[in-house]
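Note on naming: letters A, B, ... go to the chains in the order of the sequence lines (proteins, then strands), and numbering restarts at 1 for each one.
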2 protein chains.
Amino acid sequence: MGVLIRGANVKPSPHAFLGGPRSGLRMEAPLGIFGDRSGDDTAVLNAMGEARLFDRDQPLFAEGDAANAVYRVMDGLVRLYKLLPDGRRQIVGFLRAGDMMGLAAGERFVYTAEAVIPSTVRRIPRARVTALMDERPALARTLLAAMTAELLAAQEQMLLLGRKTAREKLATFLLANDERAQDAAGRIDLPMSRTDIADYLGLTTETVSREFTKLKTAHVIRLMEGGKVELVDRDTLSDLAECA
Amino acid sequence: MGVLIRGANVKPSPHAFLGGPRSGLRMEAPLGIFGDRSGDDTAVLNAMGEARLFDRDQPLFAEGDAANAVYRVMDGLVRLYKLLPDGRRQIVGFLRAGDMMGLAAGERFVYTAEAVIPSTVRRIPRARVTALMDERPALARTLLAAMTAELLAAQEQMLLLGRKTAREKLATFLLANDERAQDAAGRIDLPMSRTDIADYLGLTTETVSREFTKLKTAHVIRLMEGGKVELVDRDTLSDLAECA
DNA sequence: CTTACGGATTGCTCTGCATCAAGGCCGCCG
DNA sequence: CGGCGGCCTTGATGCAGAGCAATCCGTAAG
């Protein structure tokens, strides 16, 4: 499953829960509801496993593969998606540096993970995570809290997919990424293609492109080279997003 | 959060993972990946808390309420939903007897829970769940596995909401309920209104009604009184659902 | 510099589902 | 038993977004 965990090297977001769908677990465990003893559990996991570089569009694993490891993105961007038999695709999450996936899975993965851009990913055998949970019962709780965040994000995305208009979807997407993918200049880095964004938001490439253009024309955003986006008018964007 | 847990009194489904969106956790922990020591943890939780009867449309809790308890449905049907400011509604899950909710929540609930029909619900203070986890570390693992199932179901629902047609959505919905809501005669019990189904599938009441009619006319299903549905041709329904 | 290629943009048309608008059915209450 | 109100169904119409196709643009290769 699309479980990702943000590591200690990534600065915690002040709005962990308001950022919309992240499809990821945060190791900081922002929810204290299961007891606040997470401590350094995250650090232990972070150092485990072997890192490997994946090329553009190279799969980390595919739907149907045995789920015998969890993965942690050290650098780059990974997409998780499900396919219908006729090829329609739904991206259920994007993972950035520090995010983890594969924790929430059954015997086999029910979705595919691919590098969107060249990405470094650490692979940790599931057995080691299990063993670590035996040593430190608190880890299970940390993961529980993390999975909770994942679930909340998934439900937020259900609201988006089921009830929001194209414009609202894109506005929500931009604001969600505002929290997670800002560079030094405050711009958002969106290395994924329009098609990827479309498949994440339940739209087509053309519609995504048109809505980008409209936001640009309205001076709400500015499209920079390199796939970067500057949010000029966050308030308007917020209104367009209809909460979330 | 839409975390529900099916108790030991409900017969395990042979297709726990194929039934599509359930928005619920199963205490049987069908995934052995976190270690298979769940044992009787579920039974302990089942007996806890006080049961209470909720009338039709009566809220168990609302969006924004402090999330200081988890709830277990003993009998009836509960809907979980999120609202947009202008009133658009997305139902993120239906809970039946044995299902549990509220485990995956932050400080406050981010959705509302209401009884669809008169329902008996047990309320368990969160502190007791936490205490129980201290006693039995294995419980955290059981919940972890359960939450995993919830997450997989949520992602399946994302695929449905983002990429399936109205017909496919309804077919998927019927097959998912086939696993969970059969009565003695093999019919599906759907006590929720057309509006509820529409808000769950990201459609309108009218579209749901029209698709029901089409399936009926094609002799794929039969609509019985009392909101019951008989699946006459599961194969055709399966084709229409496009997997899931 | 020229060509080629893959993604992005834009225009035009089409359509699935939403929206608006009647009825129809049924259970409830006076 | 009759009227009322809620839900469901069905029909007519509209529209947001899909589908199709033609550039455009930026990058890489020659």
Could you check how far [atom1] of [X] sits from [atom2] of [N], rounded to whole Å?
X        : N      : atom1 : atom2 : answer
B:Ile197 : D:dT9  : CD1   : P     : 9 Å
A:Lys228 : D:dG26 : NZ    : P     : 18 Å
B:Asp196 : D:dG6  : CG    : P     : 16 Å
A:Leu160 : D:dG17 : CG    : P     : 12 Å
B:Glu225 : D:dC8  : CD    : C1'   : 15 Å
B:Ile117 : D:dC7  : CD1   : P     : 15 Å

task: Compare all side-chain heavy atoms of A:Ile197 with those of A:Met192 and state whether any distance is below 4.5 angstrom.
output: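 The answer is yes, as the side chains (C-beta and beyond) meet within the 4.5 Å cut-off.
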message: Within 45 degrees of the ring normal and closer than 6.0 Å to the centroid, is that where the cationic atom of B:Arg89 sits relative to B:Tyr81?
response: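 Judged by the rule, B:Arg89 and B:Tyr81 form a cation-pi pair.
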- request: Taking the six-membered ring of B:Phe212 (Phe, Tyr or Trp), confirm whether the NZ or CZ of B:Arg194 is under 6.0 Å from its centre and within 45° of its axis.
  value: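 Judged by the rule, B:Arg194 and B:Phe212 form a cation-pi pair.
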- prompt: What string of B, S and - do you get for nucleotides 7-19 of chain C, 5' to 3', if B is base contact, S is sugar-phosphate-only contact and - is no contact with any protein heavy atom under 4.0 Å?
  reply: -SBBBB----SSB
- prompt: Counting only N and O atoms by type, is there a donor-acceptor contact under 3.5 Å from the side chain of B:Asn177 to the main-chain atoms of B:Leu174?
  reply: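 No, because the side chain of B:Asn177 does not come within donor-acceptor range (under 3.5 Å) of the backbone of B:Leu174.
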message: Has B:Arg72 got a side-chain atom pairing as donor or acceptor with B:Arg122's backbone, closer than 3.5 angstrom?
response: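 Not at all, since once roles are kept as given, no pair shorter than 3.5 Å links the two residues.
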query: Run the salt bridge (Lys or Arg N to Asp or Glu O under 4.0 Å) check on A:Asp199 and A:Lys82 step by step: do they pass?
result: CA-CA 10 Å; A:Asp199 285 349; A:Lys82 294 169 75 79; over 6 Å; no
- request: Could you check B:Arg88 against A:Glu168 for salt bridge (Lys or Arg N to Asp or Glu O under 4.0 Å), going step by step and ending with a plain yes or no?
  value: CA-CA 13 Å; B:Arg88 278 173 287 173; A:Glu168 289 162 357; 2.8 Å; yes
B:Tyr71 ring center within less than 6.0 Å of B:Phe61 ring center: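 Yes, they do, as the ring centres are separated by less than 6.0 Å.
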message: Please report the end-to-end axis angle for the helix from C:dC1-D:dG30 to C:dG30-D:dC1, five pairs per end, rounded to 10 degrees.
response: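 The value is 30°.
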